[in-house]
Amino acid sequence: MIDIKILRNDPEQVTATLKNRKTDVDLQKILDLDNERKEIIFRLDQIKQQRNENSGKIGKGKVDPLEKQTLIEETRRLGDEIKTGDSKLRDLTDEINNRMLTIPNSLHESTPIGQSEEDNPENYRWGKLPVFDFPVKHHADLAEQLDILDAPRGVKLAHSRFTLVKGAAARLERALMNFMLDIHTENHGFEEVIPPLLINSQCLTGTGQLPKFEEDLFKTTDGLYLLPTAEVPLTNIYREEILKEDALPVYLTAHTPCFRSEAGSYGKDTKGYIRQHQFNKVELVKLTHPDKSYEELELLLKNATEILERLELPYRVISLCSADIGFSAAKCYDIEVWVPSEDRYREISSCSNCTDFQARRANIRFKPNEGGKTRYVHTLNGSALAVGRTVVAILENNQMSDGSIKIPEVLIPYMRGLTKIEMRTYD
RNA sequence: GGAGGGAUGGGAGAGUGGUUGAAUCCGGCGGUCUUGAAAACCGUUAUACGUAAGUAUCGGGGGUUCGAAUCCCCCUCCCUCUUCCA
């Protein structure tokens, strides 16, 4: 949530943000409601003051009995007025809040203005693209031959966009999560946690998935949601808390499955393992001092790209432009990995600085060392990495002419010595 | 699932209708003392809105009352006992 003071003092700035983001919110309505609210508060405070004075007099018995009855009756009328006023005020405040929750975060000055994802500038590329002297295969075809990803049976067990992961692919996913978590905990200073996978609506409102994006989520019958990303529980760990400044920055990582309904992406990536309702992801979250969040974003990006470099997978980093950046982010880098069968890079990570936007929604603050007012922390999150898509990248980039897959050097110990995924032979 | 108990300031914990935004203790901060530290002692120590007067806040919502942390109702969460279970 943005600070309503920004909207009051500089509505043009918010209007510009909305325009650049290609979205629309009725700001004038919010401002009107806000003014109405101010007036009600002012009037109500005066009535309450009068009521409190009257009650004080009655209580102290300083009024003579005749006047007392009149005063009580008069005060009762004030009470009625307060009652209706308070309920009006509450409704008004709720409506303002609900509308405020639909305003996206302000953009950082370095976030490029663009009209669509076409306008996301590329920052740099890393790695040599693989050259194949045989026809490149799609990972779904490779996996089918190797009998390691089973889409039809995923459908049988659940629904379309679910895949049964088998044998060497299952081991590869397990190896990747362990590898990624080990790097982040041992080299990058993140604390590993295992959060609940079912999340309540307050948390999802805190990180910005609710109320606007409910249709992207799976909801359970008792009102909880399957998490769409570990960003939600990790960022919300300190919801409604005040941290000590010395506790910052907080670095958290988790491996979790993620669940997304993928509403609105019918027909996209229907073949293969790119777009699933359930996928594994290792997530990084940072809670930082507001003055440090942009340098922390650069570090976060490095934390994520390091995984790809160690796996020797070619990637590029792009900056999301105003039309493509997420609702909660002020600035966001996407890391895209090379996918040979598509002859292009595909998203494998998103690293965002959400500034105080989520912290304000979730009420995550810290007490400055030098004293004074509590301030909102800045929250950052990044995938490092999406495990399923990493499997896709390894299958495709490391495919051999015979359809076998070379295991990246750093994963071999995690694969219990397996260096290659080959055709299974059933006797 | 069954029965009961509870939710108060950073923490512990008083407070059953009228200067109680809230005793006391711990913690935090400042000071006295000390070469320094500890101990002791003194002071101080919530948040939001508002230029201010002020208003609101004792889990959340509603009600009773001139007046509610305190009484009544609903909801949420937590705990204990019991049952079941990886």
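Order of the sequence lines sets the chain letters (A, B, ...), proteins ahead of strands, with each chain counted from 1.
Toward the 5′ end of RNA chain B lies the nearest nucleotide of A:Arg365, the other residue of the pair A:Arg365 and A:Ile72 mapping further downstream. Nearest-nucleotide mapping onto RNA chain B: of A:Glu73 and A:Leu44, the residue sitting toward the 5' end is A:Leu44.
Within 4.0 Å (heavy atoms only), A:Lys38 reaches no atom of the nucleic acid at all. Residue contacts for A:Ser55: at a heavy-atom cut-off of 4.0 Å it reaches a base atom on one of the strands shown.
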Polar atom pairs (N or O), protein with nucleotides 8-12 of chain B, under 3.5 Å:
none

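Phosphate proximity of B:G27 to A:Lys244: absent, as no side-chain N or O sits under 4.0 Å from OP1 or OP2. Phosphate contact (OP1/OP2 of B:A56, side-chain N/O of A:Arg51, threshold under 4.0 Å): present. Dashed line: the shortest gap from a side-chain N or O of A:Asn52 to OP1 or OP2 of B:C66 is not under 4.0 Å. In this structure, A:Lys48 does not reach the B:A53 phosphate: none of its side-chain N or O atoms is under 4.0 Å from OP1 or OP2.
Judged by Watson-Crick or G-U wobble contacts below 3.5 Å, the nucleotide B:A38 has no partner. The partner of B:G17 cannot be assigned: no Watson-Crick or G-U wobble pair with both contacts below 3.5 Å exists in any strand. Pair assignment for B:G9: none, as no Watson-Crick or G-U wobble contacts are both less than 3.5 Å.
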For the pair A:Leu176 and A:Leu311, evaluate side chain to side chain contact (heavy atoms under 4.5 Å, CB included) and give the outcome as yes or no after the intermediate values.
CA-CA 10 Å; A:Leu176 281 168; A:Leu311 293 170; 3.9 Å; yes

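B:U83 and B:U20 have their C1' atoms separated by 44 Å, with the value rounded to a whole Å. Rounded to whole Å, the separation between the C1' atoms of B:A12 and B:G6 comes to 16 Å. For B:C77 and B:A23, the P atoms lie 32 Å apart once the distance is rounded to whole Å. Rounded to whole Å, the separation between the C1' atoms of B:C58 and B:A22 comes to 8 Å. Between B:C74 and B:G21, the distance separating the two P atoms is 29 Å to the nearest Å.
Candidate nucleotides B:U47, B:G63, B:C49 were compared by shortest atom distance to the side chain of A:Lys83, and B:G63 ranks first. In the set B:C66, B:A53, B:C49, the nucleotide with an atom closest to the side chain of A:Lys5 is B:C49.
Aromatic rings of A:His108 and A:Tyr294 (six-membered ring for Trp) have centroids within the 6.0 Å cut-off, being under it.
Remark: of the listed residues A:Val25, A:Thr23, A:Leu18, A:Thr23 is the sole one forming a side chain to side chain contact (heavy atoms under 4.5 Å, CB included) with A:Arg21.
Partners of A:Tyr251 according to the ring pair (Phe, Tyr, Trp, His ring centres under 6.0 Å) rule, which considers only residues two or more places apart in sequence or in another chain, are A:Phe190. When the salt bridge (charged side-chain N to carboxylate O under 4.0 Å, His left out) test is applied to A:Asp34, the partners found at least two apart in sequence or on another chain are A:Arg8.
Relative orientation of the A:Phe162 and A:His159 rings is perpendicular, given thresholds of 30° and 60° on the angle between their planes. In this structure, A:His289 and A:Phe366 have tilted ring planes: the angle between them lies in the 30° to 60° band.
In summary, the side chains of A:Asp334 and A:Ser350 do present a donor paired with an acceptor at a separation below 3.5 Å, with no hydrogens or angles considered.
Rounding to whole angstrom units, CG of residue A:Asp45 and P of B:A56 are separated by 7 Å.
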